[in-house]
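Keep in mind it's a predicted model, so treat the numbers as computed, not measured. In what follows, chains carry the letters A, B, and so on, assigned in the order in which the sequence lines appear, proteins first and then strands, with residues in each chain numbered from 1.
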Number of protein chains: 2
Amino acid sequence: MSKIDKLAVNTIRVLSAEAIQKANSGHPGLPLGSAPMAYTLWSKYLKHNPKDPKWENRDRFILSAGHASMLLYSLLHMFGYQVSMEDIKNFRQWESVTPGHPEYGLTDGVEATSGPLGQGIAMAVGFAMAEAHLAAEFNKPGYNVVDHYTYALTGDGCLQEGVSGEASSFAGTQKLGKLIVLYDKNDITIEGNIDCAFDEDVKKRYKAYGWQVLEVEDGNEDMKAIAAAIEEAKEEKERPSLIIVKTAIAYGCPAKQGSESSHGSPLGQDNIDAMKKNLGWEYEEAFVVPEEVKKHIAELQEVYSAEEAQWKDLFAKYEKEYPELAAQYKAYHLPVSEDIFDDAYWDFEDKPMATRDCSNVIINRLAAKLPNLMGGSADLGPANKSTMKERAWFSPQDRTGTNVHFGIREFAMAAMCNGMMLHGGVRPYCATFLVFSDYMKSAIRMSALMKLPVTYVLSHDSIGVGEDGATHEPIEHLAALRATPGVYMWRPADGHETAAAYKAAMTKNAPAAVALSRQNLPLMKETGEGALRGAYILKDGGGTPDVILIGTGSEVELCMNAAEELKKDGVSARVVSMPCMDLFEEQDAAYKESVLPGAVRARVAVEAGTSFGWAKYVGLDGGYVTIDHFGASAPAGVLFEKFGFTTQAVVDKAKEVLGK
Amino acid sequence: MSKIDKLAVNTIRVLSAEAIQKANSGHPGLPLGSAPMAYTLWSKYLKHNPKDPKWENRDRFILSAGHASMLLYSLLHMFGYQVSMEDIKNFRQWESVTPGHPEYGLTDGVEATSGPLGQGIAMAVGFAMAEAHLAAEFNKPGYNVVDHYTYALTGDGCLQEGVSGEASSFAGTQKLGKLIVLYDKNDITIEGNIDCAFDEDVKKRYKAYGWQVLEVEDGNEDMKAIAAAIEEAKEEKERPSLIIVKTAIAYGCPAKQGSESSHGSPLGQDNIDAMKKNLGWEYEEAFVVPEEVKKHIAELQEVYSAEEAQWKDLFAKYEKEYPELAAQYKAYHLPVSEDIFDDAYWDFEDKPMATRDCSNVIINRLAAKLPNLMGGSADLGPANKSTMKERAWFSPQDRTGTNVHFGIREFAMAAMCNGMMLHGGVRPYCATFLVFSDYMKSAIRMSALMKLPVTYVLSHDSIGVGEDGATHEPIEHLAALRATPGVYMWRPADGHETAAAYKAAMTKNAPAAVALSRQNLPLMKETGEGALRGAYILKDGGGTPDVILIGTGSEVELCMNAAEELKKDGVSARVVSMPCMDLFEEQDAAYKESVLPGAVRARVAVEAGTSFGWAKYVGLDGGYVTIDHFGASAPAGVLFEKFGFTTQAVVDKAKEVLGK
């Protein structure tokens, strides 16, 4: 290690330990051990420009081991991102840009929110997919306008999680050679030595996935070996690379090195003092970046600026030679325009259709307008109806493909879509059965945390699944996703509402989940753009209604029929379709009152899902036609009948709440 | 293949295809391809007794590829379980015992509910753990009273899921040599040839996990090779075994063999006729088990009965020689007795304690009474406080250990606990942070579907997490688990209520999730066994209250303080602690009315979680002190203050709903 490199590495170590100590909270072990590999990467290989952190052709760095956030904040600070020493001192404090785990959108230079283990690797795979696709789409001989690497740094924890295995298997299959994962192997986890829970051969496992696996024996000191491994990884274009870097947790801190006690607690001031001495650190005061280090990095900054300038030159020439492509490249990086939702977009033939089929129509209408739409299913494409016609499949042989075989890996699929969206340039969506949203829930939550408009296509949305039975029939899933902040949970009743769901999905900075029926539903003349308010009146008796029937999806039809029946009995029933509670909540009070007048307390919620959450609209005096137990295996029609989803049941419940 | 074996295998094939055809729904591909391996196992190796399907020392067979349910039902019928030909004809029909995916508890001989892919393998690992532990606990020289294998049958899908990888890594680490997985490798998934999504080397991957991997080249015809592989697998006692059996999907059906179209749709009557001809099947009529097959299996039945009789003899002798052990063995297999919850169980010292610490006290009190309590954490033991003192760790060196290092594998952990509970003899629990219940949600759902009393210990239950920030702070998770049918979601306020939660967890036939605070909470003299009704009055002004404050967990204290403040202002506030909504819902109407009188509409829900779901108790006129957005990183006290969880905020909200 050169003197300046050593000093810089120790700066990371000391800064991290000091910030954690000041916060009296945090994870020093990993930053200390992984400082050499991270600094080697950042100073010698990472193509980035701290003065323009959103430069599209930068290399991406994802800290999968999010608890090592101080490693990242130290790097960001030292390399000149908008993370000040004051921010470092405010680590883990209210309204700081240095939260306990890195948060995308909050902190300059943070590429992804991380912390929930394993997902960082999966997101990195998504970044690498996006890069590979965009490169194929836009590069021309002499013009590699899209050409960067994706790096991730992970600890033992991420590699134990199934989601990283799923994503790594996908990356190997797809030969994403520009993905490079640095694995800080310190063999220590919270419960002690890693062997007690994880004695597999990670090297062999990654080779089995089709990866190149490299090893660095001494990650604590040997930056040369780290550099050589990164270079070898960069050379390999066919296979993704895993670089196993052996380190000691809390390296440099005599009393803590190698001990699990350094994982998640401050080292203690005494131990920091001892570490400084041990490392030959000359500064007694805390929070110092030595002048030599500042100067060295300032010199590197010139390189970074030059690199971006060079790319800008290249792009300017490209724009002249390939004006259409260049325009399209720019369009890929813009939000979806409202203009694409023309009359034809909303138009559906008047015939019964499952909303999963409506969804396929809409996906293909969008695909015609949005060439950067990219997505697929976790091996349920034919059932989810999620495939784009006239689009190729993404594969090692054809990177221009935008249909994706994600494989039977729901969780990684969702996390990879987060990575694709974070990368930019592509618009990802993914599909599975609604019941299996459980498998990817944490990644959906991450979409919401990061405000990423990933679209989740979730077909087979109720007991309408039928014969597949209870294991495949969602009950609580609509509620679970409605309860999740920042997710727009849609359950459209027909083609018009499906169109509304996708319009919202494409134009909001938030994930949308779209629950779709397996079974046919009628197209309703009453439905339409009103759905964009989340809930709206489909049918009304005029004046103040006696009772309000609130339905979603396949049950809106029941409400419509029940209203007709009630009318015969002299009851004025209003039917409210509520395809998206989350959106309705955002409407102003006057609109809400106009749809659900506070004075009308006779209300019935009708949905083939749990009643949980519906009380918000039906209150203590309302009624439910819902299902609060698991489903069963039988033809769908039988199940709806047996579980009480009939016009008569809605009529009866309406009369019950009316006291008739 | 001998003539009779061939006939039996073809019986499975034809029966499966015919039942699926009659139902006009189902998955014929896998049953046709895997019939030889399944029949070889069942007829020659599986130690079981169809006349006594609950015999404790039987081998276990888990169909991880649950969509191949007709394979299992055919076997169960042919081998004499309580699955009649009428049941086969009622495949996938209302109230049949032959649902679309196998369901534990519904169908004789079904060891586990399966269908959600990957979890069957993880459950099988749990079965093997339970066997290994019980064998170590009870076997004596000459008395292997616990001595059986666990078999699973899986397709390509299960092996792509991360959860199977997590569990397999665990099984390798733990050297669970009596676990044998048959992998029907037909290389076809719903979206086509498997290579498009999954071209990894599964053999190498499993070797990396520390498994023995065996291969059978021709799984369609070569039962001898299948038998040899099973024998080799049984011989290997150190490593779990994966037997890769190459087959053709829909083998035997000329038009469908090798095609993904056979995965999830009936073959068509024409194709069944062609298949019968192709297989040399002599019976034109449907639903036939040839007499020779019946006779052959009847002979096998004698072997099975003899095997169990032999074990019973062994156990009788064991009981004489080791009466105490035999008594304990029997006790292990009984439900938890109410008697263990004596006064000492409920007693807590009057000092502030985090409920995660209370939980540790209770877990250890239970451990003292329940030697078969077995569990651990996904590498968060010290944070979840889930470790049993004075208990060894389960390891290859010490199978008597009951503390488990599950590793950073939440999903597999939960599925493995399901497997342990299904095996019987042990009482499993598992722990992680509440926010990471997302990772294992589908397995929690499976606990509920199967009515398994697995206990989920979920610490760090709110923004009280503090500095770790938004990624680690649950918001929607209480709601999501409350919405899930059959899960008892607890959020105790102190030690007394924690004791109640665990008492309910131990004595109900359903999973319990227990959300626990990171931060200290006071012990309340008002709390206690009333918590077992789900919600109860902690404080009352006498007479009809003006306002009802409903709180859970850490927010009950706020309610208590707010009630005092309100009293000063002449407002009579009732405080209701509601540690378990699910349990409150089960109370009779009179009790519910006594706690939450219908006439009192001024109600406030107070919980550091989403408001979603609380309207059921506060209605359209109530108020909320809740959090409907993501958390942040700062000391917990700051977050509670900033996000409005203060006594004053509760007082203000109470006055607001009172219109004061």
Side-chain angles (χ1 to χ4, degrees), chain A residues 25 92-94 99-101 115-117 157 160-163 165-166 169 172-173 189-191 196-201 204-205 208-209 379-381 405 407-409 411 438-439 441-442 449 467-471 475-476 479-480 483-485 610 612-613 615-616 619-620 629-630 633-634 638, chain B residues 25 92-94 99-101 115-117 157 160-163 165-166 169 172-173 189-191 196-201 204-205 208-209 379-381 405 407-409 411 438-439 441-442 449 467-471 475-476 479-480 483-485 610 612-613 615-616 619-620 629-630 633-634 638:
Chain A
S25 169
R92 294 184 158 232
Q93 303 308 307
W94 178 249
H101 292 79
L117 293 175
Q160 292 187 45
E161 293 285 3
V163 62
E166 290 176 2
S169 173
T173 298
T189 60
I190 293 174
E191 294 188 0
C196 68
F198 187 68
D199 81 346
E200 64 166 70
D201 186 332
K204 266 195 200 156
R205 173 154 67 98
Y209 291 141
D379 196 48
L380 287 171
H405 291 296
I408 303 164
R409 311 178 178 105
F411 194 2
D438 277 348
Y439 274 58
K441 166 60 174 46
S442 184
L449 251 171
E467 291 90 343
D468 271 351
T471 54
I475 298 293
E476 71 276 23
T484 307
T610 178
F612 195 86
K616 181 157 200 176
L620 301 178
H629 53 78
F630 291 112
S633 171
V638 174
Chain B
S25 169
R92 293 184 158 232
Q93 303 309 307
W94 178 250
H101 292 79
L117 293 176
Q160 294 187 46
E161 293 285 3
V163 62
E166 291 176 0
S169 173
T173 298
T189 60
I190 293 173
E191 292 187 1
C196 68
F198 186 68
D199 81 347
E200 64 166 69
D201 186 332
K204 269 196 199 154
R205 173 154 67 96
Y209 291 142
D379 197 47
L380 287 171
H405 291 297
I408 303 164
R409 310 179 178 106
F411 194 1
D438 277 349
Y439 275 58
K441 167 59 173 48
S442 183
L449 252 172
E467 291 89 344
D468 271 352
T471 53
I475 299 292
E476 71 276 24
T484 308
T610 177
F612 195 86
K616 182 155 198 177
L620 301 178
H629 53 78
F630 290 112
S633 172
V638 175

- [ ] Taking the side chain as every heavy atom from C-beta outward, state whether Tyr439(A) and Pro116(B) have any atom pair closer than 4.5 Å.
- [x] yes

**Prompt:** Salt bridge between Arg205(B) and Glu200(A), side-chain N to carboxylate O under 4.0 Å?
**Reply:** no

d(Glu191(B) CD, Ile408(A) CD1) to nearest 0.5 Å is 8.5 Å

One option among Thr173(A), Asp199(A), Asp201(A) has the most heavy-atom pairs under 4.5 Å with chain B, and it is Thr173(A)

From the list Ala480(B), Gly407(B), Ala479(B), the residue making the most non-hydrogen contacts under 4.5 Å with chain A is Ala479(B)

Between Arg409(B) and Phe198(A), is the side-chain contact (heavy atoms from CB on, under 4.5 Å) condition met? List the steps.
CA-CA 10 Å; Arg409(B) 310 179 178 106; Phe198(A) 187 68; 3.3 Å; yes

Minimal heavy-atom distance between Ala208(B) and Lys204(A), with the atoms involved, is CB-CB, 3.5 Å

Here the gap from Asp438(A) atom CG to Thr484(B) atom OG1, rounded to the nearest 0.5 Å, amounts to 7.0 Å

Ranking Gly165(B), Gly469(B), Gly100(B) by heavy-atom pairs under 4.5 Å to chain A gives rank one to Gly100(B)

Under 4.5 Å to a heavy atom of chain B? For Ser25(A) that would be side chain

From the list Pro485(B), Ala197(B), Gly162(B), Gly619(B), the residue making the most non-hydrogen contacts under 4.5 Å with chain A is Pro485(B)

Between Lys616(B) and Ala615(A) the two heavy atoms that sit nearest each other are N-CB, 3.2 Å

Okay, Phe411(A) and chain B: the region with an atom under 4.5 Å from a heavy atom over there is side chain

**Asked** Would you say the side chain of Asp468(A) lies within less than 4.5 Å of the side chain of Arg92(B), judging by non-hydrogen atoms?
**Response** yes

Among Leu620(B), Asp379(B), Val638(B), Thr610(B), the residue with the most heavy-atom pairs under 4.5 Å to chain A is Asp379(B)

- Query: Heavy atoms, side chains only, cut-off 4.5 Å: are Glu161(A) and Glu166(B) in contact?
  - Reply: yes

**Asked** Does any N or O in the side chain of Ser633(A) come within less than 3.5 Å of the main-chain N or O of Pro99(B), such that one atom is a donor and the other an acceptor?
**Response** no

- Side chain proximity check, Lys441(B) to Lys441(A), heavy atoms < 4.5 angstrom: no

When the 4.5 angstrom heavy-atom criterion is applied to Ser169(A) and chain B, the contacting part is both

Within the structure provided, determine whether Ile190(B) and Leu380(A) are in side-chain contact (heavy-atom separation under 4.5 Å). yes

Bottom line for Thr189(B): the part with an atom under 4.5 Å from chain A's heavy atoms is both

So, the part of Tyr209(B) with a heavy atom under 4.5 Å from chain A: the answer is both

So does Gly115(A) get a backbone contact from the side chain of Thr471(B), meaning a donor-acceptor N/O pair under 3.5 Å?
no

